[in-house]
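Data first, discussion second: the structure below is written as structure tokens.
Both backbone and side-chain heavy atoms feed into the values below; hydrogens, waters and symmetry mates do not.
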Amino acid sequence: RWAIAYKFPAQQAVTRVEEIILRVGRTGVLTPTALLQPVRLAGSTVSKATLHNEDIIREKDVRIGDWVTIQKAGDVIPEVVKVLKERRTGEERIFQMPAQCPECGSQVVRLAGEAAARCTGAACPAQLREGIIHFASREAMNIEGLGPAVVAQLLKAELIRDVADLYYLRKEDLAGLARMGEKSADNLVQALTKSKGNRL
């Protein structure tokens with residue numbers, strides 16, 4: 001109780017916003033992400049930074065082509081701190097939230113009182129993919145070896161259509177996937193079987 005924790009100020013770097021893309025999450029929320037000119041920051045090379053939602057973009061007035069100051073929030077997640085407006089040339093572009101989902105083309109809606117814009121597509125492939133990734137994550141079923149890259153491959157190969165299909169996968173089904181050797185396939189099938197016994 002007598003100790004005082006001193007936190008050093010976060011390291012900052014200057015880089016350029018080359019593009020703003022959208023990521024569709026498992027609940028349909030569209031999250032804008034700034035693609036940055038790669039820059040070294042706090043021990044790693046940063047090339048992306050979350051912009052959270054459309055309101056944050058408007059509040060900070062972040063435009064495609066802007067020079068910005070970035071830092072790692074909590075020393076982990078890269079974020080845009082401020083825009084260097086004095087470096088603007090007039091060629092910067094204002095970001096607009098699309099009316100259609102970039103993944104499935106369904107209508108994008110923003111409910112009154114919410115900051116998030118959401119995809120309304122019930123069969124949106126991005127929502128399906130992110131939902132399965134979450135299902136397999138450590139916070140949920142904790143299925144080792146079933147990361148985002150493997151989930152994307154399984155969906156692309158049409159080996160799964162939902163989380164239930166995971167439990168019908170056999171070792172021979174997984175053999176054709178990239179970077180999936182016999183041992184990895186065996187381990188994944190075992191991890192899936194083990195997850196059936198998870199406690200509530």
Side-chain angles (χ1 to χ4, degrees), residues 17-36 46-66 73 76-80 92-170 173-174 176-180 188 191-192 195-196 198 200:
V17 177
E18 296 185 330
E19 190 56 77
I20 295 176
I21 60 166
L22 290 165
R23 188 180 145 265
V24 183
R26 67 187 170 91
T27 60
V29 173
L30 275 67
T31 305
T33 300
L35 298 185
L36 308 169
V46 174
S47 59
K48 290 180 185 175
T50 180
L51 293 169
H52 303 289
N53 56 56
E54 193 176 14
D55 288 350
I56 297 287
I57 294 174
R58 298 282 167 267
E59 187 184 305
K60 293 184 177 179
D61 193 20
V62 180
R63 301 180 186 183
I64 300 162
D66 268 338
V76 180
I77 302 162
E79 66 175 355
V80 173
E92 295 78 16
R93 292 177 288 132
I94 294 172
F95 171 78
Q96 295 290 339
M97 189 64 77
Q100 276 87 34
C101 171
E103 293 268 355
C104 71
S106 298
Q107 185 183 0
V108 170
V109 297
R110 182 174 169 181
L111 300 175
E114 281 196 9
R118 295 176 191 272
C119 165
T120 56
C124 179
Q127 290 184 56
L128 172 64
R129 181 181 65 244
E130 295 300 319
I132 295 171
I133 290 167
H134 172 72
F135 179 84
S137 70
R138 190 173 288 140
E139 295 78 23
M141 293 298 280
N142 194 18
I143 303 169
E144 282 187 47
L146 190 60
V150 175
V151 170
Q153 284 192 76
L154 290 169
L155 287 166
K156 189 176 179 183
E158 297 183 357
L159 291 169
I160 59 170
R161 290 182 309 281
D162 54 35
V163 291
D165 287 341
L166 291 169
Y167 293 98
Y168 292 97
L169 289 172
R170 296 164 302 155
D173 296 328
L174 303 169
L177 300 180
R179 298 171 135 193
M180 183 66 73
L188 180 50
L192 286 162
S195 76
K196 291 179 187 179
N198 285 355
L200 286 174

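Residues Glu130 and Arg23 have side chains in contact (heavy-atom distance under 4.5 Å, counting atoms from C-beta outward). By the 4.5 Å heavy-atom criterion applied to side chains, Glu92 and Ile64 are not counted as neighbours. Between Ser106 and Cys124, every side-chain heavy-atom pair lies at or beyond the 4.5 Å cut-off. Contact of the Ile56 side chain with the Pro32 side chain is not registered, since no non-hydrogen atoms from C-beta on lie closer than 4.5 Å.
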Show every donor-acceptor pair shorter than 3.5 Å between a side-chain atom in residues 108-119 and any protein atom, with sequence neighbours excluded, or say none if there are none.
from: Arg110; atom 1: NE; to: Glu114; atom 2: O; distance (Å): 2.9
from: Arg110; atom 1: NH1; to: Asp55; atom 2: OD1; distance (Å): 3.1
from: Arg110; atom 1: NH2; to: Asp55; atom 2: OD1; distance (Å): 2.9
from: Arg110; atom 1: NH2; to: Asp55; atom 2: OD2; distance (Å): 2.6
from: Arg110; atom 1: NH2; to: Glu114; atom 2: O; distance (Å): 3.4
from: Glu114; atom 1: OE1; to: Arg118; atom 2: NE; distance (Å): 3.4

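Expressed to the nearest 0.5 Å, how far CG of Leu177 lies from CG of Leu169 amounts to 8.5 Å. His52 contributes atom NE2, which lies 10.5 Å from atom CD of Glu59 (distance to the nearest 0.5 angstrom). Note that the CD1 atom of Ile20 and the OG1 atom of Thr33 stand 9.5 Å from one another [nearest 0.5 Å]. How far CZ of Arg93 is from CZ of Arg63: 12.5 Å, rounded to the nearest 0.5 Å.
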Assess the residue pair Leu166 and Leu154 against the criterion (side-chain contact (heavy atoms from CB on, under 4.5 Å)); give the C-alpha distance rounded to whole Å, side-chain angles, the decisive distance to 0.1 Å, and a yes or no.
CA-CA 9 Å; Leu166 291 169; Leu154 290 169; 4.2 Å; yes
Assess whether side-chain contact (heavy atoms from CB on, under 4.5 Å) is satisfied between Asp66 and Val80, documenting all intermediate values.
CA-CA 11 Å; Asp66 268 338; Val80 173; over 6 Å; no
Step by step, work out the side-chain contact (heavy atoms from CB on, under 4.5 Å) result for Tyr168 and Ile160.
CA-CA 9 Å; Tyr168 292 97; Ile160 59 170; over 6 Å; no
Is there a side-chain contact (heavy atoms from CB on, under 4.5 Å) between Met180 and Leu188? Walk through the geometry before answering.
CA-CA 10 Å; Met180 183 66 73; Leu188 180 50; 4.1 Å; yes
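With sequence neighbours left out, Arg58 forms a side-chain contact (heavy atoms from CB on, under 4.5 Å) with Glu54, Ile94, Gln96. Under the side-chain contact (heavy atoms from CB on, under 4.5 Å) criterion, Asp162 pairs with Ala164, Asp165, not counting sequence neighbours. The salt bridge (charged side-chain N to carboxylate O under 4.0 Å, His left out) search around Glu144 returns none, not counting sequence neighbours. Among residues two or more places apart in sequence or in another chain, the side-chain contact (heavy atoms from CB on, under 4.5 Å) test is passed with Val151 by Arg129, Ile132, Ile133, Leu146, Leu155. Applying the side-chain contact (heavy atoms from CB on, under 4.5 Å) test to Arg170 and every residue at least two apart in sequence or in another chain returns Glu172, Asp173.
Across Gly121 and Gln127, no two heavy atoms sit closer than the pair O-NE2, 3.2 Å. In this structure, Met141 and Ser195 approach most closely via the heavy-atom pair CE-O, 3.3 Å. Considering every non-hydrogen atom in both Pro125 and Glu103, the closest pair reads CG-O, 4.1 Å.
For the pair Thr120 (side chain) and Gln107 (backbone), a donor-acceptor distance under 3.5 Å is present.
Crowding of Ile21 atom CD1: a count of heavy atoms from other residues, nucleotides or ligands under 6.0 Å exceeding 12.
Checking Leu22, Ile57, Asn53 one by one against Met97, the side chain to side chain contact (heavy atoms under 4.5 Å, CB included) holds for a single residue, Leu22.
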